[in-house]
K.L.:
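Here's a structure for you.
Bear in mind the structure is a predicted one, so any value in this text is a computation, not a measurement.
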Amino acid sequence: MMPDANGQMQKHTYSLFPNSLFGVPGQGKSGTVSYSLANNLEMKVRDDNDSIGEKKISLIENFSISQSYNFAADSMNWSNINTSLLLKLTKNFNLNLSATWDVYTYQLNSAGNPVRVNIPRWKAGKGIGRLSSTGTSFSYTLNNNTFKRKRKDDKETNNSDNSNRSNNADDPMANGPSSQNGTPEEQSHKDDLKLNSDGYMAWDVPWNLSINYSIGYGYGAFNKKKMEYDGKVTQNLSFSGNIRPTKNWNFSFSASYDFNTHRLAYMNCNISRDLHCFTMRASFVPVGPYKSYNFHISVNSSLLSDVKYDKRSSLRNGITWY
């Protein structure tokens with residue numbers, strides 16, 4: 001028995017096997033019977049492009065519902081109802097929803113706190129179950145190939161140019177850059193060059209941007225008039241990106257948006273540069289309570305790992321950005 005924040009004695013149960021190899025066994029007896037149901041729904045529509053004249057469209061890709069009943073329990077025999085729904089909206093985009101439904105009612109104890117009681121909702125005239133939690137998330141990634149459209153004639157032209165060069169012994173590009181005269185450093189530099197179909201150096205900047213949005217619904221504050229928990233919606237938006245303007249430069253960032261305060265909750269930026277024999281890295285957090293920066297430069301060789309320079313800010317002092 002331990003007192004709570006209000007001074008009331010509360011009973012706490014501890015296991016005799018904490019941190020055991022196979023986990024802690026369940027409390028009490030268990031004699032469970034469970035049921036589950038899964039189904040999908042499709043529709044046939046007319047298809048003018050097919051000789052048969054019809055095609056199938058998926059309305060509900062998968063719908064499932066499950067629940068269990070414990071005969072050995074002295075109370076709270078019914079478990080919550082778990083449901084899941086999968087909708088195939090487009091060819092590359094699916095919507096997956098999962099939800100939990102509470103089947104019991106709540107009352108206030110002597111301390112005025114809400115407690116779950118052994119009265120099913122259907123006996124209290126409140127329906128079969130109440131939505132207690134649900135949520136879903138969406139993510140999408142953009143990169144430099146997302147909006148790139150390769151035309152077939154350009155590809156055929158490149159293939160024909162390459163074949164002509166390979167068959168032409170007089171072409172200086174037939175044997176690649178290694179056939180040219182020059183120092184090894186110049187040859188390696190020429191090997192890094194990429195030429196387009198017109199013979200100019202191709203300027204390629206790899207980049208990517210990932211966006212992730214999640215929304216959830218759950219119990220919030222307890223409403224003593226309705227004797228129910230009020231619903232609370234939580235949202236989270238995070239995004240991250242990376243860009244390499246040159247072979248040796250790399251820029252990346254990650255951030256998240258707080259819908260309650262309507263501002264960026266956290267943001268981290270990273271910059272790195274390959275200096276051949278050295279590596280330089282810098283990172284900084286420009287917003288939020290953890291504003292800081294970190295700079296590092298070191299020798300790439302493992303034999304000279306102690307040759308380095310670090311400069312970082314102190315979280316205790318804080319940083320003022322102007």
K.L.:
For K56, give me all partners under salt bridge (charged side-chain N to carboxylate O under 4.0 Å, His left out), at least two apart in sequence or on another chain.
P.N.:
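For K56 there are no salt bridge (charged side-chain N to carboxylate O under 4.0 Å, His left out) partners, ignoring immediate neighbours.
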K.L.:
Would you name the heavy atoms of K308 and S298 that are closest together and state the gap between them?
P.N.:
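Distance-wise, the nearest heavy atoms are CB-CB, 3.6 Å.
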K.L.:
May I ask you to say whether R121 pairs ionically with D102, meaning some side-chain N is under 4.0 Å from a carboxylate O?
P.N.:
no
K.L.:
Kindly give the heavy-atom pair with the smallest separation between N118 and S75, and that separation in Å.
P.N.:
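In this case the closest contact between N118 and S75 is ND2-CB, 3.6 Å.
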K.L.:
Are the side chains of F222 and N113 in touch, meaning some heavy atoms are under 4.5 Å apart?
P.N.:
no
K.L.:
Side chains of S68 and T32: donor-acceptor distance under 3.5 Å anywhere?
P.N.:
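Side chains of S68 and T32: no pair found under 3.5 Å.
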K.L.:
Using a 3.5 Å cut-off and no angle test, enumerate the donor-acceptor pairs between side-chain atoms of residues 253-261 and protein atoms at least two apart in sequence or in another chain.
P.N.:
{"residue": "D258", "atom": "OD1", "partner": "N260", "partner atom": "N", "Å": "3.0"}
{"residue": "D258", "atom": "OD2", "partner": "T261", "partner atom": "OG1", "Å": "3.4"}

K.L.:
Once you round to the nearest 0.5 Å, how far does CE of M76 lie from CD1 of I119?
P.N.:
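It is 9.0 Å, given to the nearest 0.5 Å.
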K.L.:
Is it true that S64 and S84 share a donor-acceptor pair across their side chains at a distance under 3.5 Å?
P.N.:
yes
K.L.:
Could you go step by step and tell me if N94 and L86 meet the side chain to side chain contact (heavy atoms under 4.5 Å, CB included) rule?
P.N.:
CA-CA 7 Å; N94 297 332; L86 176 60; 3.9 Å; yes
K.L.:
Would you say the side chain of N144 lies within less than 4.5 Å of the side chain of V205, judging by non-hydrogen atoms?
P.N.:
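They are not in side-chain contact.
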K.L.:
Mind listing the closest non-hydrogen atom pair of S79 and V103 along with its distance?
P.N.:
O-CG2, 3.7 Å
K.L.:
A side-chain contact here means heavy atoms from C-beta on lying under 4.5 Å apart; do R273 and I271 qualify?
P.N.:
no
K.L.:
Could you walk me through whether Q107 and N109 satisfy the side chain to side chain contact (heavy atoms under 4.5 Å, CB included) test, starting with their C-alpha distance in whole Å, then the side-chain angles of each, then the deciding distance to 0.1 Å, before giving a yes or no?
P.N.:
CA-CA 7 Å; Q107 292 181 0; N109 57 11; over 6 Å; no
K.L.:
If you group Ile, Leu, Val, Met, Phe, Trp and Tyr by side-chain heavy-atom gaps below 4.5 Å, do L41 and M43 land in one group?
P.N.:
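Yes, because L41 and M43 connect within a single hydrophobic cluster, where side-chain heavy atoms sit under 4.5 Å apart.
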K.L.:
Counting only heavy atoms not in D306, do more than 12 sit closer than 6.0 Å to its CG atom?
P.N.:
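Not buried by this count: 12 neighbours or fewer within 6.0 Å.
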K.L.:
Checking V233 against I215 for the side chain to side chain contact (heavy atoms under 4.5 Å, CB included) test, could you report, in this order, the C-alpha distance in whole Å, the side-chain angles of both residues, the deciding distance, and whether it holds?
P.N.:
CA-CA 7 Å; V233 177; I215 182 172; 4.0 Å; yes
K.L.:
Just how far is it from atom CD of Q67 to atom OG of S36, taken to the nearest 0.5 Å?
P.N.:
11.5 Å
K.L.:
Do F239 and N212 have side-chain heavy atoms sitting under 4.5 Å apart?
P.N.:
no
K.L.:
In Å and rounded to the nearest 0.5 Å, what is the CD1 to CG distance from I211 to L142?
P.N.:
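Here the rounded value is 6.0 Å.
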K.L.:
Under 4.5 Å between side-chain heavy atoms, counting indirect links through other Ile/Leu/Val/Met/Phe/Trp/Tyr residues: same cluster for L97 and I65 or not?
P.N.:
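Linked, L97 and I65 end up in one cluster.
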K.L.:
Considering non-hydrogen atoms only, spot the tightest contact between A99 and L131 and give its length.
P.N.:
CB-CD1, 3.7 Å
K.L.:
Find the distance between CG (N248) and CG (L275) and round it off to the nearest 0.5 Å.
P.N.:
8.0 Å
K.L.:
Evaluate E61 against N40 for side chain to side chain contact (heavy atoms under 4.5 Å, CB included), listing each step before the verdict.
P.N.:
CA-CA 5 Å; E61 190 73 13; N40 62 342; 5.9 Å; no
K.L.:
Counting only heavy atoms from other residues, nucleotides and ligands, does the tally under 6.0 Å from NZ of K126 exceed 12?
P.N.:
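Yes.
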K.L.:
State, yes or no, whether a side-chain contact exists between T141 and L209 at a heavy-atom distance under 4.5 Å.
P.N.:
no
K.L.:
Rounded to the nearest 0.5 Å, what separates atom CG in N242 from atom CG in N208?
P.N.:
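Rounded to the nearest 0.5 Å, the CG-CG separation comes to 5.0 Å.
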K.L.:
Can you sort out the partners of R130 under salt bridge (charged side-chain N to carboxylate O under 4.0 Å, His left out), two or more places apart, ordered by chain and number?
P.N.:
E228
K.L.:
More than 12 heavy atoms of other residues, nucleotides or ligands under 6.0 Å from CD1 of I128: is that the case?
P.N.:
no
K.L.:
Please enumerate all residues that pass ring pair (Phe, Tyr, Trp, His ring centres under 6.0 Å) together with F251, with sequence neighbours excluded.
P.N.:
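F251 satisfies ring pair (Phe, Tyr, Trp, His ring centres under 6.0 Å) with W249 only.
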K.L.:
Are L37 and L85 in one and the same hydrophobic cluster, where Ile, Leu, Val, Met, Phe, Trp and Tyr link if side-chain heavy atoms are under 4.5 Å apart?
P.N.:
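Same hydrophobic cluster.
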K.L.:
Look at atom CZ of R116 and say whether more than 12 heavy atoms of other residues, nucleotides or ligands are closer to it than 6.0 Å.
P.N.:
yes
K.L.:
Give the minimum heavy-atom separation between F295 and A282, together with the two atoms involved.
P.N.:
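The answer is CD1-CB, 4.1 Å.
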K.L.:
For T279 and N300, what are the C-alpha separation, side-chain angles and deciding distance, and is it a side-chain hydrogen bond (donor to acceptor under 3.5 Å, both in side chains)?
P.N.:
CA-CA 6 Å; T279 299; N300 293 334; 2.4 Å; yes
K.L.:
Compare all side-chain heavy atoms of E42 with those of L59 and state whether any distance is below 4.5 angstrom.
P.N.:
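Heavy-atom side-chain distance check fails, nothing below 4.5 Å.
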K.L.:
Go through the structure and list residues passing ring pair (Phe, Tyr, Trp, His ring centres under 6.0 Å) with Y104, not counting sequence neighbours.
P.N.:
none
K.L.:
Write down the atom of L304, the atom of V299, and the distance for their closest heavy-atom approach.
P.N.:
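Result for this residue pair: O-CB, 3.8 Å.
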K.L.:
Nearest 0.5 Å please: distance from the CG atom of N39 over to the CG atom of N62.
P.N.:
8.5 Å
K.L.:
Do W122 and V117 land in one hydrophobic cluster if side-chain heavy atoms of ILVMFWY residues count as linked below 4.5 Å?
P.N.:
no
K.L.:
Does V33 reach the side chain of F71, with side-chain heavy atoms less than 4.5 Å apart?
P.N.:
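A side-chain contact exists here, since the closest heavy-atom pair is under 4.5 Å.
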K.L.:
Are Y140 and F138 an aromatic pair, judged by ring center distance below 6.0 Å?
P.N.:
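Ring centres of Y140 and F138 not closer than 6.0 Å.
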K.L.:
Check whether any side-chain N or O of N223 sits under 3.5 Å from a backbone N or O of D230 as a donor-acceptor pair, and report yes or no.
P.N.:
no
K.L.:
Do the rings of Y229 and Y219 sit parallel, tilted or perpendicular, given the 30° and 60° boundaries?
P.N.:
parallel
K.L.:
Do you see a donor-acceptor pair shorter than 3.5 Å between the side chains of T83 and W101?
P.N.:
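W101 and T83 do have a side-chain donor-acceptor pair below 3.5 Å.
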K.L.:
Verify the cluster assignment for I243 and M267: are they in a single hydrophobic cluster under the rule of side-chain heavy atoms below 4.5 Å apart?
P.N.:
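I243 and M267: one cluster.
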K.L.:
Report the residues that fulfil salt bridge (charged side-chain N to carboxylate O under 4.0 Å, His left out) with R46, sequence neighbours left out, ordered by chain and then residue number.
P.N.:
D48
K.L.:
Is the closest side-chain heavy-atom distance between K291 and F284 below 4.5 Å?
P.N.:
no
